[in-house]
Protein chains: 2
Amino acid sequence: MSSADDVKLKQSREDFVAQWGALGTHWGINRTMAQIHALLMTEPEAIGTDEVMERLQISRGNAHTNLKELVSWGLIRTIVKKGERREFFEAEKDVWKIFTIVARERRRREIDPALGVLHQCLDDSRGIDTPEGRAFHEQMSKLAEFVGFASNVADRVSGMKYGIALQLAARLLS
Amino acid sequence: MSSADDVKLKQSREDFVAQWGALGTHWGINRTMAQIHALLMTEPEAIGTDEVMERLQISRGNAHTNLKELVSWGLIRTIVKKGERREFFEAEKDVWKIFTIVARERRRREIDPALGVLHQCLDDSRGIDTPEGRAFHEQMSKLAEFVGFASNVADRVSGMKYGIALQLAARLLS
DNA sequence: TCATAATTTCAGTATTTACTGAAACTTCGG
DNA sequence: CCGAAGTTTCAGTAAATACTGAAATTATGA
């Protein structure tokens, strides 16, 4: 008789889903998307839209939008079961893969646009021949250089095999 | 006669402030805070609340709140000028310092709470003796280990002197 | 090809987050 | 201690973002 364990598991999982969802907010990810991701990460089986709706108590439109968004990120994938007409979804569970996906997506959404702004300002302020103009250009230049550099580093790291990244990290912490 | 240059500089700076503000949104930072930061980063002189209000066309309350928030992050500091009663503000302009400040703040707001959730779920699911329970515990364990590890690495890197970090990064990119 | 199950879209609404403006409070020189 | 300059707070409002629910569309297999 394992029903006590079943209850504990259910509660713990619900807790994880709810809290992970709340955290998503601080990550620029909407609550529902983070909750669905949490739900699927802790679900051994692929599940369908209706079960997601029921488990999270959300509308079909909401479930649909966020499932698609997670698929486009690559954090979950669709599964077709033979003899079943509807789609099922399962999460990528490998932590290193999750990390690299999120890192790339954030670079694309947060760093690349910043670089764009900086390069444009660099161009616009090139050759302004006043003390203030040179100071502005210099500041833009430093920012652009640093952000570009950081972007490349992030790319390299998230393109590594897990083992290599681990080695590198281990040297840093030693 | 440098008024053409002055106009170009003014436009470029306004552009930078506006666009940097828009970017702030994607970084979990509100637009005004990012705009004030951009304004001060490109301003050679320390400026006061009223000038911030005027340059960004925002209310006193808004300017005040976000200036204080930037001070609490350490991205700007207050300056007292002799013979002046009011406070002036100037930005930290060193890119490495800006990076370490932002990195630490984001760790505090994004990673630490996630670790908290994971550790709690680890505890809650310890010893649940069903296949599903063990799988859940295992997944929490992997996530917690990875996030904790990443947090330590980020700490180390953002605690480095710029020169050392550069060397490290150079090795990565070579 | 039709009936129906499943998916997608979107106008309207709810929720969350940010901002205003004015009043309350604090500080300081006279 | 008083009055003016400066700072802080916050109730009300505006703007941005996320969600619902139902209708439109598409895919399936009999």
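Quick caveat: nothing in here was measured; it's all calculated off a predicted structure. Side-chain atoms are counted along with the backbone in the values below, which use heavy atoms only and exclude waters and symmetry mates. Order of the sequence lines sets the chain letters (A, B, ...), proteins ahead of strands, with each chain counted from 1.
- For the contact set between residues 27-36 of chain A and DNA chain D, defined by any heavy atom under 4.0 Å, the members are A:Asn30, A:Thr32.
- Residue pairs meeting the salt bridge (charged side-chain N to carboxylate O under 4.0 Å, His left out) criterion with at least one partner in residues 143-169 of chain B, sequence neighbours excluded, are B:Arg107-B:Asp155.
- A salt bridge between B:Arg86 and B:Glu51 is absent, with no side-chain N of the basic residue lying under 4.0 Å from a carboxylate O of the acidic one.
- With sequence neighbours excluded, no residue satisfies side-chain hydrogen bond (donor to acceptor under 3.5 Å, both in side chains) with B:Gln139.
- Evaluation of the salt bridge (Lys or Arg N to Asp or Glu O under 4.0 Å) rule for A:Asp15 yields no partner, not counting sequence neighbours.
- The side chain of B:His64 places no N or O atom within less than 4.0 Å of a non-bridging phosphate oxygen (OP1 or OP2) of D:dT7.
- We find that NZ of B:Lys68 is positioned 8 Å from C1' of D:dT8, with the value rounded to whole Å.
- Contacts of B:Arg104 classified as salt bridge (Lys or Arg N to Asp or Glu O under 4.0 Å), with partners at least two apart in sequence or in another chain: none.
- Under the side-chain hydrogen bond (donor to acceptor under 3.5 Å, both in side chains) criterion, B:Glu132 pairs with no residue, sequence neighbours left out.
- Residue contacts shown for B:Arg85 include a base, since a base heavy atom lies under 4.0 Å away.
- If you check residues 51-63 of chain A against DNA chain C, the residues with a heavy atom closer than 4.0 Å are A:Arg60, A:Gly61, listed by number.
- A:Phe88 belongs to a hydrophobic cluster whose other members, connected by ILVMFWY side-chain contacts under 4.5 Å either directly or through intermediates, are A:Ile79.
- By the side chain to side chain contact (heavy atoms under 4.5 Å, CB included) test, B:Asp94 pairs with B:Glu92, B:Trp96, B:Lys97, sequence neighbours left out.
- Ion pair A:Glu14/A:Arg55 not flagged as a salt bridge, since none of the NZ, NE, NH1 or NH2 atoms sits closer than 4.0 Å to an Asp/Glu carboxylate oxygen.
- Listed by chain and residue number, A:Glu138 satisfy the salt bridge (Lys or Arg N to Asp or Glu O under 4.0 Å) test with A:Lys142 (two or more places apart in sequence, or in another chain).
- If you walk DNA chain C from 5' to 3' and mark each nucleotide with an atom closer than 4.0 Å to a heavy atom of chain A, the marks span C:dT4 to C:dT17.
- A:Glu90 pairs by the side-chain hydrogen bond (donor to acceptor under 3.5 Å, both in side chains) definition with A:Arg77, not counting sequence neighbours.
- Toward the 5′ end of DNA chain C lies the nearest nucleotide of A:Arg86, the other residue of the pair A:Arg86 and A:Thr25 mapping further downstream.
- Distance B:Glu84 CD to D:dT7 P: 10 Å, rounded to the nearest Å.
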